[in-house]
Number of protein chains: 2
Amino acid sequence: MSKRDDILDAATHLFAVKGYQDTSIADISRATGAADGTIFYHFKNKEEILVIILRRIKERILAEFRDNAAKGRFATGLERAENVIRFYLALTAAMETEFMLLFRNYPYQLANINEEARSDLEAVYTCFLDFLTEAIVLGKADGSIDDLPEDKVALVIFGMLSSMVRFRIFNLFPAAAVYPELLLSCRKILSK
Amino acid sequence: MSKRDDILDAATHLFAVKGYQDTSIADISRATGAADGTIFYHFKNKEEILVIILRRIKERILAEFRDNAAKGRFATGLERAENVIRFYLALTAAMETEFMLLFRNYPYQLANINEEARSDLEAVYTCFLDFLTEAIVLGKADGSIDDLPEDKVALVIFGMLSSMVRFRIFNLFPAAAVYPELLLSCRKILSK
DNA sequence: CTCCATCCCGAGCGAGCGCTCGGTACAGAA
DNA sequence: TTCTGTACCGAGCGCTCGCTCGGGATGGAG
C-alpha cells in the first residue's frame, strides 16, 4: 500500500467520523505516520484530498449499482424497484464510512465552490434515483406499480431511505430495527 | 432590542447559513455592530451561544406544537395524524432558518459533549414523534389507521418528511413540488 | 457630588491551523 | 560513479481564531 493511499484511507475515515473541518492535517499525518510535508507532496491542498475522496466514492458506488442492475432479472417493475431499494440499504451498510461522509454538510458546501465535487455528488444521487425511476416506469407499464409521477415518487422514497440510513449511521434512532416497516412502507407507496 | 438578543439573532442566522465552525466571533460582531468583547460579556464562550440558541429553538417549536394540538378537533386518528404532518411541513417553512440549523451536523456533534444541547435536540424530535405516535394509536383504535407498530411507522414518516424538508431548505432537489405526493404517500402508509 | 453596577469597547494574547521549503534517502539510468 | 527523479521529512512561517483584560460611558442610589 502506497503512502498516498494510506493518506486517502485515513482521511476518508477521519472526515467521516470527525468531519472535514475538525480534521487537521496533523490528524491525518498522525494517523498515517506520514509527515505534514508528505501530504502536501501528494495533494496540492487539504481541499483536493476531499475532492479525490469524493471521486473515489462516486466511482465505487456507481460501479456497485451497475453490477447490481446487470445481474438482476425481475418479473415485474415492482420487484425491480424493491431490489433497488434493498440494494441501497445493503450498500449503505457495506460502505458505512463512505455514506457517513456523504451525509455530512461539508461536501455540499464544497460542491458550491468546486465543480468536480458538485458533479460527483450529483452523480451519486442521480444514480440511485435513475435506477428507481426506471423500475417505477416499468412497473407502471406492467401494472405492478400505481400510476403516479415516477420521479416524484422516487424522490419521496429516496428521502425516506436516506433518512433511515442517516439515523442508523449517526446513532440518532435505532433505525435498523425499522427496516421491515421501511420496506413495507415502500411497497404501500408503490402498489395501487 | 437588547444587544444580547441582536447577537443571538445574528448568530442563529449565521450558524444556519454558514455553519457554526465557519462563523467566527468577528462575523457575529460585524453583523451586530457589537465588539468582540461585548459578545464575551454576554456569553461565556462561543459554544454557549449555540447552546442558548438551541434552547430558544426548542422552546419555540414545542410551544407551536402544543398550540396546534390544543386547538385541533379531529374525527379520526388518521385526520389527526395528517394534521400533525401538515403542521410539521408548515412549521419548517415558517421557521426555515431554525430548521436549517437543526439539519446541520454540528449541533449533534455538540450534543455528544453537552448535556443541555443533547436534551434540547432530543426534545424537538420526541415532540413530533410523540404527537404523531399518539395520533396513530388513536387511528388504530378507531380503525382509520392500519395495525402496525406505531412508533416504527412514526419514525419512517418522520424520516420521509425531514428528508424532503432538508432537500428543500438546502436546495438539493425541488422538493416543495413533491409535497402533494409526500402527503399521498403518508396516507398510503397509514391506511389499510 | 461620589460610588457602584451594568454594559460595552477593541487592542492584543497564545494556540492551532494550512501550507512552504530546504533538505535527505534511495533507486534506476547514463 | 555521477546524475536525476521520486518519495518523504519536519521546522517553521504567516495568519486566523477564540478569548482576555483594562478601561470608558452611562445611570440610578445614597
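Chain letters run A, B, ... following the sequence lines, proteins first, then strands; residues in each count from 1.
Relative ring orientation between A:F173 and B:F158 is described as perpendicular, the plane-to-plane angle rising above 60° on a 0-90° scale split at 30° and 60°.
Within residues 29-49 of chain B, the residues having any heavy atom closer than 4.0 Å to DNA chain D are, in order of number, B:D36, B:F40, B:N45, B:K46.
Results of the salt bridge (Lys or Arg N to Asp or Glu O under 4.0 Å) test with B:K140 over B:D151, B:D147, B:D146 single out B:D147 as the only residue that passes.
A:H13 NE2: 12 or fewer foreign heavy atoms inside a 6.0 Å radius.
Phosphate contact (OP1/OP2 of D:dC9, side-chain N/O of A:K3, threshold under 4.0 Å): present.
Distance, B:D5 CG to C:dC7 C1': 14 Å, rounded to whole Å. A:K18 has its NZ atom 12 Å from the C1' atom of C:dG16, to the nearest Å. Rounded to a whole Å, the CD1 atom of A:I28 is 10 Å from the P atom of C:dC19. Regarding B:I25, its CD1 atom lies at a distance of 16 Å from the C1' atom of C:dC13, rounded to whole Å. Regarding B:D27, its CG atom lies at a distance of 13 Å from the C1' atom of D:dG18, rounded to whole Å.
A side-chain N or O of B:S29 and one of B:D36 form a donor-acceptor pair less than 3.5 Å apart.
Here the CG atom belonging to A:L8 is positioned 13.0 Å from the CZ atom belonging to A:R55, to the nearest 0.5 angstrom.
The two residues A:Q109 and B:K18 have their closest heavy-atom pair at NE2-O, 3.6 Å.
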